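Worksheet for the structure shown next.
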Amino acid sequence: MAKDATFDVVSQVDAQEVDNAVNQTLKEITNRYDFKGAKTEINVDGDTIHLNADDEMRMKSVVDVLQSKFIRRGVPIENMEYGKVEASGGRVKQAITIRQGIDKDLAKKISKDIRDTKLKVQTQIMDDKIRVSGKKIDDLQTVIGFLKKKDYGQALQYENFRS
């Protein structure tokens with residue numbers, strides 16, 4: 001009897017790389033001429049990044065610098081959920097939430113899309129990841145290629161490929 005080959009579909013963001021990108025952003029902002037005399041703050045609290053700036057123009061600049069640092073460090077910006085820019089006391093603030101894992105609704109959609117390919121593979125939703133198994137490794141590689149072409153609104157990674 002042949003053993004099934006498997007892999008997991010996950011959506012993760014490396015917290016250390018996020019912290020490094022935030023630190024690089026702070027360093028760049030303190031050295032930029034257009035931020036001289038401005039009081040800009042960036043705080044990381046778990047899976048949330050809190051931005052605080054003097055005005056909306058500076059807030060937009062901070063977000064642009066932060067995104068560029070994320071891209072440079074390999075942090076998927078698709079997993080960032082931007083909150084509303086709120087004004088209070090002459091300052092503006094914004095929260096950026098980092099999505100970790102695949103939520104149930106997205107997992108069901110991905111599983112349905114995989115089933116619709118008519119390949120001989122099975123999917124199993126396991127908390128915040130999806131396990132895909134099948135007898136042929138080629139079928140699993142086809143599924144990975146299929147998922148890479150689709151856009152689900154957040155970055156997907158493929159790990160624990162076992163045969």
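Keep in mind that what you see is a predicted model, and the values were worked out from it rather than measured.
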*If we ignore angles and hydrogens, is there a donor and acceptor under 3.5 Å between the side chains of N20 and Q16?*
yes
Under a 4.5 Å side-chain heavy-atom rule over Ile, Leu, Val, Met, Phe, Trp and Tyr, are [X] and [Y] clustered together?
X	Y	result
F161	V10	no
L156	I77	no
I29	I71	yes
V121	I110	yes

Apply side-chain hydrogen bond (donor to acceptor under 3.5 Å, both in side chains) to [X] and list each qualifying residue two or more places apart in sequence or on a separate chain.
X	value
D14	none
D138	none
Q94	none

Is the shortest side-chain heavy-atom distance between [X] and [Y] below 4.5 Å?
X	Y	result
I130	Q124	no
L66	V22	yes
F35	T40	yes
V9	K129	no

*Search all heavy atoms of Y152 against all heavy atoms of D113 and return the closest pair with its distance.*
OH-OD2, 2.7 Å
_Please give me the minimum heavy-atom distance between S11 and A155, naming the atom from each residue._
OG-O, 2.7 Å
Any chance you could measure [X], atom [atom1], to [Y], atom [atom2], to the nearest 0.5 Å?
X	Y	atom1	atom2	value
T123	R131	OG1	CZ	12.0 Å
L147	K149	CG	NZ	11.0 Å
N160	D8	CG	CG	4.5 Å
R115	Q122	CZ	CD	11.0 Å
D151	Q154	CG	CD	10.5 Å
S133	L140	OG	CG	7.5 Å

*asked:* Taking side-chain hydrogen bond (donor to acceptor under 3.5 Å, both in side chains) as the cut-off, I'd like each qualifying pair that reaches into residues 60-77, sequence neighbours left out, listed once.
replied: E17-R73, E28-K69, Q67-Y82
*May I ask you to decide whether D139 forms a salt bridge with K120, counting only side-chain N to carboxylate O separations under 4.0 Å?*
no
*Answer yes or no: are there more than 12 heavy-atom neighbours, outside N31 itself, under 6.0 Å from its atom CG?*
yes
*Quick check: are there more than 12 heavy atoms from other residues, nucleotides or ligands sitting under 6.0 Å from CD of Q157?*
yes
Please tabulate, for side-chain N and O atoms in residues 85-92, each donor-acceptor pair with protein atoms closer than 3.5 Å (sequence neighbours left out).
unit_1, atom_1, unit_2, atom_2, d
R91, NE, N52, OD1, 3.2
R91, NH1, K39, O, 3.2
R91, NH1, D54, OD1, 2.4
R91, NH2, K39, O, 2.6
R91, NH2, N52, OD1, 3.2

*When the ring planes of F7 and Y158 are compared, do they come out parallel, tilted or perpendicular, using 30° and 60° as the limits?*
perpendicular
Identify each donor-acceptor pair in which a side-chain atom of residues 95-105 lies under 3.5 Å from a protein atom, sequence neighbours left out, and give them as a table.
unit_1, atom_1, unit_2, atom_2, d
R99, NH2, E78, O, 2.6
R99, NH2, G153, O, 2.8
Q100, OE1, V13, N, 2.8
Q100, NE2, V13, O, 2.9
D103, OD1, L106, N, 3.2

*Apply side-chain contact (heavy atoms from CB on, under 4.5 Å) to V132 and T6, showing your working.*
CA-CA 6 Å; V132 181; T6 64; over 6 Å; no
*Is there a side-chain contact (heavy atoms from CB on, under 4.5 Å) between L51 and M59 once you walk through the steps?*
CA-CA 8 Å; L51 306 175; M59 177 66 73; 3.7 Å; yes
